[in-house]
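Here the structure is a predicted model, which is why all the values come from computation and not from measurement. Convention: sequence-line order gives letters A, B, ...; per-chain numbering from 1. Side chains are part of it too, since the values below use all heavy atoms of this structure and drop only hydrogens, waters and symmetry mates.
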Protein chains: 2
Amino acid sequence: MSATKLLVLGIVHLSGGAHGYQVRSELQSWGAESWAKIKPGSIYHALKKAAADGLLTEHAEPGNSGPERVLYRATARGRDEMVELVRDGLRRTHDADMLNASIAMLPMLTRTDAIAQVNERVARLEAELVGQAKGWENPNPDIPEHVRDQAELWAGHARTELEWAKSLSKRLSEGAYTMADDPGSWRTVHDPLKMRF
Amino acid sequence: MSATKLLVLGIVHLSGGAHGYQVRSELQSWGAESWAKIKPGSIYHALKKAAADGLLTEHAEPGNSGPERVLYRATARGRDEMVELVRDGLRRTHDADMLNASIAMLPMLTRTDAIAQVNERVARLEAELVGQAKGWENPNPDIPEHVRDQAELWAGHARTELEWAKSLSKRLSEGAYTMADDPGSWRTVHDPLKMRF
DNA sequence: GGCCAAGTAGTCAAATTGGAATAGTCTCTA
DNA sequence: TAGAGACTATTCCAATTTGACTACTTGGCC
């Protein structure tokens with residue numbers, strides 16, 4: 001799941017440098033344990049991997065108090081990759097984890113870009129709902145009845161998501177949130193994590 | 001994810017013995033590629049693991065045509081474990097994969113049991129929605145605004161699922177589907193996969 | 001009869017995830 | 001002041017997942 005990658009990169013970017021435990025606590029404080037069910041091992045692995053891939057840099061820090069730790073900092077490539085992941089997660093349907101992670105990192109995008117991606121999602125969801133309704137007309141007889149009924153649930157989820165995405169797009173158009181190209185965004189503020197969004 | 005385990009055990013049980021490729025194709029024919037995004041490697045691994053755990057037995061089959069293959073058959077313990085997994089998946093919220101897999105294997109349960117589990121889910125979803133509405137009154141100020149708005153989406157999904165679960169419970173009460181304790185169920189029919197549900 | 005495409009069946013190394021285990025610090029409190 | 005418990009920070013390895021790869025059979029089709 002690249003949701004882990006996105007979240008980890010995102011937190012490091014937002015805090016302008018972080019070590020593993022910090023990423024973990026930040027996620028926790030966002031109430032993220034419930035959706036992003038990320039275990040410590042995954043966080044540290046993702047950080048190391050991202051460093052190996054040149055998306056982050058590693059700086060050993062002598063443990064002034066407590067055990068020693070490794071500070072990670074964002075690189076330009078890391079930022080580009082992360083922005084791409086957010087854009088992708090907003091568009092791609094059928095991937096709840098990526099959507100959640102992308103929304104958490106929404107202010108990484110410029111306002112117009114975010115709106116475009118969300119609108120793309122809206123279009124895809126609408127197309128899928130139409131497609132499903134069509135497929136419904138002559139159902140595959142190999143599929144057991146109760147499995148077919150499951151489709152109702154998916155359609156319901158798709159409709160919920162559709163409405164929500166539309167309203168998000170609207171809120172964004174009306175200037176909600178501090179986006180990357182707004183004054184006071186994470187790009188210009190010293191400690192974005194403490195920023196009032 | 002134990003959804004893989006459940007699906008694999010379930011297909012082997014339903015077909016009264018199956019090899020890896022068969023499990024794979026069966027899942028595909030159910031249109032399961034979309035929700036259960038299970039790759040071949042995972043299926044073969046799950047089968048081996050289940051056999052090692054005594055949930056399935058392995059029978060080497062000389063390849064009469066094509067490469068040789070391994071036939072897996074269900075054991076009593078395997079059936080018990082699987083039924084437990086289905087019950088659990090129906091009750092447990094916040095685990096879409098398990099819910100999907102459990103619904104696919106719904107007819108493994110007796111009618112009254114299935115109704116009880118679905119009703120339990122309904123109760124849990126209702127409690128969660130109430131809890132969320134309460135938490136909404138004094139939100140944690142550490143959480144960025146856009147992350148808080150995400151909660152709306154989850155609530156929407158929960159409401160969708162709630163309505164769907166209620167209607168499923170109703171359908172079950174009205175005698176829909178062929179459940180484990182109904183005449184002609186997978187327990188008594190020779191080749192349940194070819195059964196008209 | 002040779003060859004290609006599609007279908008059948010499964011293996012394997014590499015990547016990722018899970019979560020217990022380790023280890024040091026700080027803070028009470030009896 | 002010793003010891004219990006909470007917090008900080010990370011490591012480690014087993015379990016699982018991914019998806020590319022192997023290999024064999026069948027059935028056309030030229």
Within the structure, does a side-chain N or O atom of A:K49 lie under 4.0 Å from either OP1 or OP2 of C:dT16?
yes

Start with the C-alpha distance between A:D149 and B:W164, add both sets of side-chain angles, then the distance that settles side-chain hydrogen bond (donor to acceptor under 3.5 Å, both in side chains), and finish with yes or no.
CA-CA 10 Å; A:D149 280 4; B:W164 182 85; over 6 Å; no

Presence of B:S42 side-chain N/O under 4.0 Å of D:dT18 phosphate oxygens OP1/OP2
yes

Does B:D182 reach the main-chain N or O of B:M179 with its side chain, forming a donor-acceptor pair under 3.5 Å?
yes

With a 4.0 Å cutoff (strictly under), does any side-chain N or O of A:H45 reach OP1 or OP2 of C:dA15?
no

Would you mind reading off the distance between B:L47 atom CG and C:dT11 atom C1', rounded to a whole angstrom?
14 Å

So does A:R69 get a side-chain nitrogen or oxygen closer than 4.0 Å to the phosphate oxygens (OP1/OP2) of D:dA9?
yes

Could you measure the distance from the CD atom of B:E120 to the CG atom of B:D88? Nearest 0.5 Å is fine.
10.5 Å

Between A:R69 and A:G20 (side chain of the first, backbone of the second, donor and acceptor by atom type, cut-off under 3.5 Å), is there such a pair?
no

Between C:dG10 and B:Y21, is there an OP1 or OP2 to side-chain N/O distance shorter than 4.0 Å?
no

Heavy atoms only, 4.0 Å cut-off, all strands: where does B:G41 land among base, sugar-phosphate and nothing?
base

N or O in side chain of B:K48 less than 4.0 angstrom from C:dT11 OP1/OP2:
yes

Angle between ring planes, A:W154 versus B:W35, binned at 30° and 60°: parallel, tilted or perpendicular?
tilted

Measuring to OP1 and OP2 of C:dG18, would you say a side-chain N or O of A:K37 lies under 4.0 angstrom away?
no

Which residue lies more 5' along DNA chain D, comparing B:A46 with A:H19 via nearest heavy atoms
A:H19

Checking contacts here: which listed nucleotide (D:dT17, D:dG19, C:dG10) is nearest the side-chain heavy atoms of B:K39?
D:dG19

Figure out the CZ/C1' separation between A:R24 and C:dT17, and round it to whole Å.
14 Å

Should A:Y44 be listed as having a side-chain N or O under 4.0 Å from OP1 or OP2 of D:dT10?
yes

Spacing between A:E26 atom CD and D:dT8 atom C1', to the nearest angstrom:
15 Å

Once you round it to whole Å, what is the distance between C1' of D:dT8 and CD1 of A:I43?
14 Å

B:Y72 OH to C:dA9 C1', in whole Å, measures 12 Å

When rounded to whole Å, the CG to C1' distance for the pair B:D53 and D:dT16 reads 13 Å

